[in-house]
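Beneath this line is the structure, given in structure tokens, with notes to follow.
Residue numbers begin at 1 in each chain, while the letters A, B, ... track the order of the sequences.
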Protein chains: 2
Amino acid sequence: MADINVSAPSRPAKGDSSAPARAPAAGEAEPLIDLIELFFFAYRNFVSDPDEILQGIGFGRAHHRVLHFVSRHPGMRVTDLLDILRITKQSLGRVLRELVDQGFIDSRAGSSDRRQRLLYLTPKGEALAQEFVSIQSHRLRRALAECGPDMRESARRFLVAMIDPEDRGPVEKLIARADQQAEARASGAVKAPADKRATARPTG
Amino acid sequence: MADINVSAPSRPAKGDSSAPARAPAAGEAEPLIDLIELFFFAYRNFVSDPDEILQGIGFGRAHHRVLHFVSRHPGMRVTDLLDILRITKQSLGRVLRELVDQGFIDSRAGSSDRRQRLLYLTPKGEALAQEFVSIQSHRLRRALAECGPDMRESARRFLVAMIDPEDRGPVEKLIARADQQAEARASGAVKAPADKRATARPTG
DNA sequence: CATTTATGTCAGCCATGTTGACTTTTTTCG
DNA sequence: CGAAAAAAGTCAACATGGCTGACATAAATG
């Protein structure tokens, strides 16, 4: 932030027709401006951690996102990634090509459906993805520690509640499924069953 | 999210050398992946609300940010805005010119220092800025209501704690100062004292 | 008067999003 | 089987919003 010292002369515009900070009248919705701004500043700092690393290797935030979700869902299809990121095939294609070319991602044809390209991280890619998780976890952990013992669960509930209601189920399932599959990989097989695609793909 | 159904085949890469979701060993830092992802999804939804409005008038997020902070700090200098947004003069110049040309922002020479351009919103600009605050407050209010009575303060503390420590003071002061000055404008003068610039501008 | 400060501007580059059109390969279904 | 659909990839063009570097102007400051 370097140097914030605004101190406006508080001279209202001639055609001033609004009173931005009047006390909220009865029944009037209170503006939560402090939270709006804090969310902005917090998120900016949050993504700036990986940004520094990315800049050193000529990558950007788009690469970070791809690496992260492939790390969390090894073997995912390109379509799945598009659904999560909500960008176009062309936008994804660009960064994905760079990540594959530079040996961060391994793209293999699906065995049961050979149209598919299943995405895996190489060890190099996994190392980078872990570095990002580590640095962002560190910020979160520090923040939670400063707030008190129950904050982890509170923060989780708050962030979930900030998501569009119709997206919450899918997002929470996405997170839970990744955790479960990571757990399965960790405990059980170092080798794995042949690729077994999802049968149900609800469009809601 | 439309349709997230990843269900990877959980076939680890050949050179798999990481165990992303092993139970955190003693003394090992637990990765807070769920919060990392929730923060991402929550922020994306959060900014998507204004995005829809902006698209209708040919503006982008950059315009939103400028409108917001000028609304909060009427009469602020261009330099102050640059400090807050942390972008270059050229990047700001582009969107600022559009906002002035289209009658959302009024840029007046400072009276005590005529090099300065002090930024004010026109009624049109203030209306738009209020619309953004309103829609984002609505999302926040809904989220807080779903979480319980103490969540407003918890969320505030959490978000502050997520900010770089050296930025927290400036950010909190920025918010408090805007609130105070808005309060002063609302209660007291419809006309105001001549522009009286800040004397101290600490560079830390 | 020399310097610094605040602002603005031109030119060009980069990252990352978008549409639209089209191809190839493979699967699915009538 | 053969048509249609699905998964992926590609090319071209464009928009947004960052960036650097180089300058120009006006006004304040010493």
Side-chain angles (χ1 to χ4, degrees), chain A residues 3 5-6 44 47-48 50-52 54-67 75-101 105 107-119 195 197-199 201 203, chain B residues 3 5-6 44 47-48 50-52 54-67 75-101 105 107-119 195 197-199 201 203:
Chain A
D3 185 12
N5 209 332
V6 173
R44 184 170 68 178
V47 295
S48 75
D51 277 357
E52 292 178 26
L54 289 158
Q55 198 166 17
I57 52 179
F59 284 166
R61 286 181 197 175
H63 303 82
H64 175 198
R65 291 195 281 268
V66 170
L67 275 178
M76 78 189 307
R77 298 173 306 165
V78 171
T79 303
D80 297 326
L81 195 45
L82 290 174
D83 284 343
I84 292 173
L85 297 177
R86 287 182 178 173
I87 58 176
T88 57
K89 191 173 41 165
Q90 295 90 328
S91 296
L92 174 59
R94 240 175 345 214
V95 299
L96 197 50
R97 190 186 324 124
E98 293 174 342
L99 287 165
V100 170
D101 287 351
I105 285 187
S107 167
R108 315 180 199 166
S111 59
S112 75
D113 185 338
R114 305 225 322 275
R115 290 172 304 182
Q116 300 170 351
R117 298 298 152 132
L118 308 185
L119 304 174
D195 116 290
R197 294 249 51 83
T199 51
R201 291 185 57 80
T203 312
Chain B
D3 185 11
N5 209 330
V6 172
R44 184 170 70 178
V47 295
S48 76
D51 278 357
E52 292 178 24
L54 290 158
Q55 197 166 21
I57 53 180
F59 283 166
R61 285 181 198 174
H63 302 83
H64 175 198
R65 291 195 280 267
V66 170
L67 275 177
M76 78 190 307
R77 299 173 307 165
V78 171
T79 303
D80 298 326
L81 195 45
L82 290 174
D83 284 342
I84 293 173
L85 296 178
R86 289 183 178 172
I87 58 176
T88 58
K89 191 173 43 165
Q90 295 90 327
S91 295
L92 175 59
R94 244 178 341 217
V95 301
L96 197 50
R97 191 187 322 128
E98 293 174 343
L99 288 165
V100 170
D101 287 351
I105 284 187
S107 166
R108 315 180 199 164
S111 58
S112 76
D113 184 337
R114 305 225 322 276
R115 290 172 303 180
Q116 299 171 350
R117 297 300 152 132
L118 307 186
L119 305 175
D195 114 289
R197 297 248 50 82
T199 52
R201 291 184 57 78
T203 312

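- What separates CG of A:Leu54 from C1' of D:dG18 is a distance of 15 Å, to the nearest Å.
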Begin from the C-alpha positions of A:His63 and A:Glu98 and carry the test side chain to side chain contact (heavy atoms under 4.5 Å, CB included) through to its verdict.
-> CA-CA 9 Å; A:His63 303 82; A:Glu98 293 174 342; 2.5 Å; yes

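- Between A:Phe59 and A:Leu99 the shortest side-chain heavy-atom distance falls below 4.5 Å.
- Atom CZ in B:Arg117 sits roughly 15 Å away from atom P in D:dT25 (whole-Å rounding).
- Rounded to an integer number of Å, the gap from B:Leu85 CG to D:dC19 P is 10 Å.
- To the nearest angstrom, P of D:dG18 lies 11 Å from CG of B:Leu82.
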Chi angles and distances behind the side chain to side chain contact (heavy atoms under 4.5 Å, CB included) call for A:Ile105, A:Leu67 = CA-CA 8 Å; A:Ile105 285 187; A:Leu67 275 178; 4.3 Å; yes

Are there any protein N/O atoms within less than 3.5 Å of an N/O atom in nucleotides 26-30 of chain D, and if so, which ones and at what distance?
| from | atom 1 | to | atom 2 | distance (Å) |
| --- | --- | --- | --- | --- |
| D:dA27 | OP1 | B:Arg114 | NH2 | 3.3 |
| D:dA28 | OP1 | B:Arg114 | N | 3.1 |

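- Rounded to an integer number of Å, the gap from A:Gln55 CD to D:dT20 C1' is 13 Å.
- Panel note: side chain B:Asp80, backbone B:Arg77; a donor-acceptor pair is recorded below 3.5 Å.
- Separating the CG atom of B:Asp101 from the P atom of C:dG8 is a distance of 12 Å, rounded to the nearest angstrom.
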Report the C-alpha separation of B:Leu92 and B:Thr88 in whole Å, then their side-chain angles, then the decisive distance to 0.1 Å, and conclude whether the side chain to side chain contact (heavy atoms under 4.5 Å, CB included) test is met.
-> CA-CA 6 Å; B:Leu92 175 59; B:Thr88 58; over 6 Å; no

Reading nucleotides 11-17 of chain D 5' to 3', which nucleotides get B (base under 4.0 Å from a protein heavy atom), which S (sugar-phosphate only), which -?
-> B-----B

Worked check of side chain to side chain contact (heavy atoms under 4.5 Å, CB included) between B:Val78 and B:Leu81 | CA-CA 5 Å; B:Val78 171; B:Leu81 195 45; 5.6 Å; no

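- Put simply, CG on B:Leu118 and OG on B:Ser112 are 8.0 Å apart, with the number rounded to the nearest 0.5 Å.
- If you measure from atom CG of B:Asp51 to atom C1' of C:dT18, you get 14 Å, rounded to the nearest angstrom.
- Shown here for A:Ile84 and A:Met76, the closest heavy-atom pair between the two residues is CD1-CE, 3.7 Å.
- Atom pair A:Lys89:NZ and C:dG17:C1' shows a separation of 16 Å (rounding to whole Å applied).
- When the side-chain nitrogen and oxygen atoms of B:Thr88 are compared with OP1 and OP2 of D:dC19, one or more of them lie within a distance under 4.0 Å.
- Side-chain contact between B:Leu119 and B:Leu96 is present, with heavy atoms from C-beta onward closer than 4.5 Å.
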